[in-house]
J.: 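Supplied in structure tokens, the structure appears directly below.
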Amino acid sequence: MNPRALPDVPLPFSTGEQPKVVAHGGFSGLYPQSTPTANAIAALYPKLILLCNLQITMDKVGICVANLDLSEGTSIAVEYPNKTKTYKVNGKDVTGYFSVDYAMNQLNNTVTATQSVLSRPDAFDIDPIPTFDDFRASIAAPRWIHVEYPQFYDEHKLSYEDYFDKNSLRGINYLSTPELTFLKAISAMKPPTMKLYFAFKGREELEPTTNQTYGELLLDKLKPMITGIVVPREYIWPVEKSNYLAPEPNLLVADAHELGLEVYVYGFANDNVLSYNYSYDPTEEYLQFTSKGFSVDGFITDFPPTAMNAVGQPLVITNGGASGIYAGSTDLAYQKAVDDEADIIDCSVQMSKDGVAFCMATADLSVDTTAAAIFPDRATTIPEIQKDDGIFSFDLEWSDIQSLQPQLSSPFEKTSDLKRNPAVKNEGKFMTLDQFLQFAKAKSVPGILINIDNAAYLASKEGHDVVTTVSTALHKASFDKQTTQQVLIQSDDTSVLAKFSNLGYKRVLAVKEEVSDIPKATVDEIKKYADAVTLTRFSIIPTSHGFTRKETNSVLALQAANLSVFVTTLNNEYLSLAFDYNSDAMFEIATYTQLVQVNGTITEYPGTANKYLKNPCSNLNDPDLMYAILPINPGQMLNLTKYSENLSPPKPALAVKDIADPPLPPAIKVQDGAPPPGSSACAHSGLSIAAMALLSLLNGLFHI
């Protein structure tokens, strides 16, 4: 498999998905591989995968030791001096101590696991050689087995197939091997839930069962048997003789992703001799594999904390672009979000009367445009959409909407003097959905979020099939044929999400009401429709009398079921913050990302979120950190107040019945002049709209 070189064209960034981190023998950069301490320390990091390099003793006991020669990683040479042997291993003579020559009782009595890298401390060389049974039973974390030399063990009458037949693969989530014959055998006997990977060695090395070099093996021939591949770092980022990186990476990741294969990379360690490009910063090396047009799916590393810190940051997702700076969902708001390095930019899709899909936070144009001043007679009340009257996009032609100006609004204007950027209050251009998608591709953003509200109403009352409109637009822009930019489809309607199943998009259920808990039965129901859930801030950390209360278990419950959790909506204005956050948005971001550990923050100020996440003071694992932006302890300050004994009861839990929605109705075209079938909308031209019109006109004229 000789990877192609990159063409001389610009590439998009990574997918926005966080790569997984695989702990090679636990925290083996400090402790001997796969010992209880190495695994326990590594497993302190959530979602980390533990890897055991599996070998078999003479009496068929599985042990976790990385090197075929046991003298590298154990004290066997001290306990059994001058007992080396020489065997043919994949056609080459190898001298050392081999597990095939020792029974477990010979190893267990006196031989200890040792640090195999001489520059690392030997202070922890005190544990016995770890067994496979210990590895499988001890730590509640996903488990990965790597089998390096199946043919060698076959030649010594120690078959891995027989071993796994007697010692089931129950509880093993991942398995990798560099030998094709064993790969074929294990693919026929593995549990359905276990993922299988082919591990590539050096390109010029021979794969022992085919006598082809690893560089000659073709991915499409491997695909039917595997979930993905495991490759050395140099397969993706070649290092030249000067110890500088090649100018461009190879296209291996793109080739594999095009075939639907995952890519894991091995060989990461903080004490490697790194390329000069990284300036001895191992974090930079990890980030190099999640940029430049691609992201690998996982890292296999001896130092899992560094990898977790490098790639474990939550996503920064916009709400109408940088809508705290410019009018939401305009070209200026989206460009500012790109400049602020948002991971995901969003478009809440609205429909005009003549069927043009465009981006706007709500269907009510009186909020984010000058519609109240220009079309006050178009105001209606539609209880299915909102309790207040409004001027709705589906009542205006697209040409009418284009005649309006954007309007930078603030959720705090009505109760305070906290206006947003009045100098640009009415600047920017509206974007159609097609324009938004082209913008996202041209700017190479890591991902997009398409939000769909009111789909049932639009179909039954206005004749618009918004689901088909979105699907067609994504197809037209080729978002269904690529893997470089992540696509999230969000809706509060599970029937909408059901329409996007099996299309390669990540489906996000928006839970708009405040809830105090999400029971397991409800979580199981959510998993039928969604890959992620968006919760309000107060469903995660409720408040009372302006102070935070103890965080709920909702995030833990969802993440335990492998559902990502996004929190919405974060703002900078102090009025949006509980007193505990010291009127500083950074403390709120720290609390949701460090304490609660959400997977993404939805914000109108993506620049603020990124300033925190990229600030060295946000890395609480840095032992040399002098100053830190610490999360608060929710509820602690409230307990000191006079309100601590007078708290309102918690909100209801999210019930199963709240999840599933009825099937979407067919789109029924409404004739001009005829009221929508069963419509409860009514014209409203009273004082409230006149006041709205006057206020909007004054705002537009004087930029107040």
Side-chain angles (χ1 to χ4, degrees), residues 1-6 11-24 45 47-49 51 142 144 146 173-176 178 195-203 214 217 219 222-223 226-239 245-246 248-270 272 274-275 277-278 281-315 343 444-447 482-486 504 506 564 599:
M1 182 190 61
N2 288 305
R4 295 181 287 137
L6 282 168
L11 284 173
F13 296 118
S14 64
T15 63
E17 287 280 9
Q18 294 174 354
K20 292 182 173 63
V21 175
V22 183
H24 181 232
Y45 291 84
K47 299 188 177 181
L48 184 136
I49 302 166
L51 183 147
W144 185 311
H146 180 68
N173 308 92
Y174 308 84
L175 188 147
S176 57
K195 294 184 174 183
L196 192 58
Y197 297 81
F198 185 73
F200 283 83
K201 294 185 178 182
R203 293 192 192 92
Y214 285 96
L217 298 176
L219 289 181
L222 298 170
K223 176 177 166 53
I226 59 176
T227 301
I229 57 175
V230 179
V231 298
R233 297 168 298 159
E234 293 75 18
Y235 268 49
I236 298 172
W237 271 107
V239 179
L245 295 178
E248 297 287 351
N250 291 317
L251 273 181
L252 170 63
V253 177
D255 291 343
H257 284 174
E258 188 174 344
L259 292 170
L261 296 173
E262 298 175 359
V263 180
Y264 282 75
V265 190
Y266 67 86
F268 290 93
N270 293 5
N272 282 336
L274 299 176
S275 165
N277 297 75
Y278 304 132
D281 182 355
T283 297
E284 286 297 318
E285 184 177 31
Y286 291 109
L287 296 177
Q288 191 74 15
F289 287 79
T290 60
S291 62
K292 226 12 183 168
F294 66 88
S295 174
V296 300
D297 298 285
F299 299 103
I300 299 177
T301 175
D302 291 2
F303 290 83
T306 304
M308 294 294 284
N309 290 338
V311 304
Q313 290 185 347
L315 298 173
D343 298 302
S444 301
V445 295
Q482 55 83 51
T483 58
T484 55
Q485 290 175 289
Q486 189 179 7
K506 187 169 186 174
S564 299
N599 304 98

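Quick note: residue numbers are just sequence positions, from 1.
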J.: Assess the residue pair Q288 and S275 against the criterion (side chain to side chain contact (heavy atoms under 4.5 Å, CB included)); give the C-alpha distance rounded to whole Å, side-chain angles, the decisive distance to 0.1 Å, and a yes or no.
T.: CA-CA 11 Å; Q288 191 74 15; S275 165; over 6 Å; no
J.: Walk me through it: do Y235 and I229 pass the test side chain to side chain contact (heavy atoms under 4.5 Å, CB included)?
T.: CA-CA 11 Å; Y235 268 49; I229 57 175; over 6 Å; no
J.: Compare all side-chain heavy atoms of L252 with those of V231 and state whether any distance is below 4.5 angstrom.
T.: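 Touching, per the 4.5 Å side-chain cut-off.
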J.: Donor-acceptor check, side chain of Q486 to backbone of P446, threshold 3.5 angstrom: yes or no?
T.: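 It does not hold such a pair.
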J.: Apply side chain to side chain contact (heavy atoms under 4.5 Å, CB included) to K20 and W144, showing your working.
T.: CA-CA 12 Å; K20 292 182 173 63; W144 185 311; over 6 Å; no
J.: Would you give the length of the straight line joining atom NE2 of H257 to atom OG of S295, rounded to the nearest 0.5 angstrom?
T.: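 Rounded to the nearest 0.5 Å, the NE2-OG separation comes to 7.0 Å.
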J.: Taking atom CG of N272 and atom CD of E285, what is their separation to the nearest 0.5 Å?
T.: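 One finds 6.5 Å between CG of N272 and CD of E285.
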J.: Pick from L48, I300, I49: which one makes a side-chain contact (heavy atoms from CB on, under 4.5 Å) with V21?
T.: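 Among L48, I300, I49, the one that satisfies the side-chain contact (heavy atoms from CB on, under 4.5 Å) with V21 is L48.
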J.: Does any part of the side chain of L315, heavy atoms only, come nearer than 4.5 Å to the side chain of N599, both counted from C-beta?
T.: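 No; the side chains remain at least 4.5 Å from each other.
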J.: Apply the test side chain to side chain contact (heavy atoms under 4.5 Å, CB included) to residues F299 and T290: give CA-CA distance (whole Å), side-chain angles for both, the deciding distance (0.1 Å), then the verdict.
T.: CA-CA 11 Å; F299 299 103; T290 60; 4.0 Å; yes
J.: Please set out all donor-acceptor pairs under 3.5 angstrom arising from side-chain atoms of residues 259-269, sequence neighbours excluded.
T.:
unit_1: E262; atom_1: OE1; unit_2: Y197; atom_2: OH; d: 2.6
unit_1: E262; atom_1: OE2; unit_2: K195; atom_2: NZ; d: 3.2
unit_1: Y266; atom_1: OH; unit_2: F200; atom_2: O; d: 2.8

J.: Is there a side-chain contact between Y174 and V22 (heavy atoms, below 4.5 Å)?
T.: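 Side chain of Y174 against side chain of V22, heavy atoms only: no contact under 4.5 Å found.
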